[in-house]
2 protein chains.
Amino acid sequence: MPDAATPPALNPRRNLAREVLLSLRAEIISGQLQPGDALAEPVLAKQFGSSRAPVREALIELEREGLVQFELTGRTKVRTLTEQDFDEIRDARVALESLAARRASAKWTPKDSTYLEQNIARQAMASTLAELSRLDVEFHEYVLRLTANQRLLTLWQSIRWQFEMCLASTHRLQETLACKPHQITVSSHRHLLAALASGKPELAAEKMALHIEGSMEWTPSETSTAEHPPKLATAISRR
Amino acid sequence: MPDAATPPALNPRRNLAREVLLSLRAEIISGQLQPGDALAEPVLAKQFGSSRAPVREALIELEREGLVQFELTGRTKVRTLTEQDFDEIRDARVALESLAARRASAKWTPKDSTYLEQNIARQAMASTLAELSRLDVEFHEYVLRLTANQRLLTLWQSIRWQFEMCLASTHRLQETLACKPHQITVSSHRHLLAALASGKPELAAEKMALHIEGSMEWTPSETSTAEHPPKLATAISRR
DNA sequence: TTAAATCAAAGTGTCGACACTTTAGGATCG
DNA sequence: CGATCCTAAAGTGTCGACACTTTGATTTAA
């Protein structure tokens with residue numbers, strides 16, 4: 001039997017693709033990578049010290065998540081989210097989370113109220129917008145998970161990062177403007193929690209829809225005024 | 001100046017990969033590839049006369065579509081759908097299509113009724129279950145597209161093939177049993193169309209949910225009794 | 001005969017290379 | 001000077017190769 005001298009068998013470079021994925025996603029959401037920035041496989045590969053294969057897999061996944069866009073020419077860029085995208089994401093959330101609320105409400109237990117009350121309490125104490133939005137997402141993900149429907153959760157997760165991208169870029173703007181106070185977010189979640197725990201699935205679903213629609217209002221992202229100068233009317237060049 | 005003779009040259013992006021994807025998807029849905037069958041990259045690559053790269057991309061996409069499963073060991077198999085999976089898919093459809101019905105209803109035009117009436121007419125004349133289900137999917141996709149929400153459509157498409165896989169395996173069973181007559185499907189769609197065209201979004205959403213729940217009833221797939229002999233109680237071998 | 005040890009075959013993750021396409025900068029020509 | 005053509009650089013899609021792991025069957029030991 002091969003004794004304890006077995007080399008540190010666990011692949012030092014096992015899930016490289018996943019590592020690249022997480023790294024790129026974080027950079028996009030944090031704003032280090034701005035919408036429109038080019039994502040060239042050889043460049044990223046060199047940057048991560050890997051070959052193109054893992055990078056390529058990560059880019060495909062990011063495209064599926066809506067954070068990255070494959071141009072017709074084959075080039076890859078960080079996606080720019082427009083107001084219409086924002087509306088679409090909100091609507092998709094309404095679809096998924098309304099049903100989730102209905103199903104979760106049907107199998108509600110006091111434990112769930114306790115957990116979410118704690119979440120709201122931490123929301124009230126949050127000192128940064130980033131932390132507040134992290135708790136916000138956590139609240140909603142909890143309801144999704146309660147349904148115990150893996151597919152519903154997967155669908156939600158597949159738009160989750162676009163949603164977070166919207167949130168983050170909005171927040172980077174509001175950090176200086178100080179628009180919406182915590183109180184609105186907190187009280188909105190409190191009302192929602194009451195509906196979820198009410199034992200009335202229909203009410204829970206309806207309140208969830210209203211909550212999402214109320215919480216997602218368009219704020220023009222700082223990215224619409226990127227540093228790239230307008231470059232005259234090159235936009236006409238079409239084929 | 002590039003003359004008009006330039007061929008369209010559409011989709012240069014991921015051509016071979018897409019071809020492999022479509023091919024494998026068709027084989028899985030048609031039942032040529034059965035749930036549990038192994039999908040080894042080198043084998044498929046040889047089979048398609050390509051290298052592993054395009055095959056790998058296709059498999060990743062199929063996994064996202066839920067038709068294929070990556071084992072913990074890294075191996076890849078055609079996914080087996082259980083009754084719980086079936087329920088989950090139905091619920092996901094209810095979530096997406098109810099909202100789609102609500103939104104579509106709000107922007108309904110006579111043209112839409114005309115198109116869907118034609119669809120139903122062809123349903124009534126369908127001679128095979130395969131054709132009936134093709135028209136069924138077409139009906140629902142039309143409603144999705146009406147919403148003009150690309151994300152809602154994308155989410156729907158990401159479970160679409162699992163749904164078709166359920167349909168197809170159910171149909172392979174019913175082809176011999178002749179269970180549910182066309183009439184039920186046809187009249188169900190007729191009622192649904194009336195609700196969609198009624199101008200009442202809330203009613204449209206509710207009817208859509210009922211329609212989906214009514215149309216998706218679990219039938220044990222033929223795949224649960226695959227030809228692989230039980231092989232004694234090797235199922236106990238766990239780690 | 002049964003159970004452990006062994007070893008080849010098959011499979012995955014990753015890599016570097018090549019051909020072809022697109023892009024961009026510079027040389028050329030009006 | 002300004003537009004046009006040309007060429008080199010950069011980028012993508014695909015390929016074959018290698019190292020390591022898992023699988024299955026076979027051999028060896030009890």
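Quick note on labels: first sequence line is chain A, next is B, and so on, each numbered from 1.
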Measure from [atom1] on [X] to [atom2] on [N] and round the result to the nearest Å.
| X | N | atom1 | atom2 | value |
| --- | --- | --- | --- | --- |
| B/Asp37 | C/dG11 | CG | P | 13 Å |
| B/Leu59 | C/dG13 | CG | C1' | 14 Å |
| A/Lys77 | D/dT12 | NZ | P | 13 Å |
| B/Glu19 | D/dT14 | CD | C1' | 13 Å |
| A/Phe70 | C/dT22 | CZ | P | 17 Å |

Options D/dT22, C/dT22, C/dT14, nucleotide nearest the side-chain atoms of B/Arg75: D/dT22
Close residues, residues 38-58 of chain B, relative to DNA chain C [heavy-atom separation under 4.0 Å]: B/Leu39, B/Ala40, B/Glu41, B/Pro42, B/Val43, B/Arg52, B/Arg56
Cationic N near anionic O, under 4.0 Å, B/Arg25 to B/Glu61: no
Qualifying salt bridge (Lys or Arg N to Asp or Glu O under 4.0 Å) pairs with a residue from residues 139-155 of chain B, counting only residues at least two apart or across chains: A/Asp85-B/Arg151, A/Glu88-B/Arg151, B/Glu141-B/Arg145, B/Glu141-B/Arg160
Residues which pass ring-ring contact (aromatic ring centres under 6.0 Å, His included) with B/Phe139, listed by chain and number, not counting sequence neighbours: B/His189
ring-ring contact (aromatic ring centres under 6.0 Å, His included) partners of B/Tyr115, counting only residues at least two apart: B/Tyr142
Partner residues of B/Arg79 under the side chain to side chain donor-acceptor pair (under 3.5 Å) criterion, sequence neighbours left out: none
Side chain to side chain donor-acceptor pair (under 3.5 Å) partners of B/Arg75, counting only residues at least two apart: none
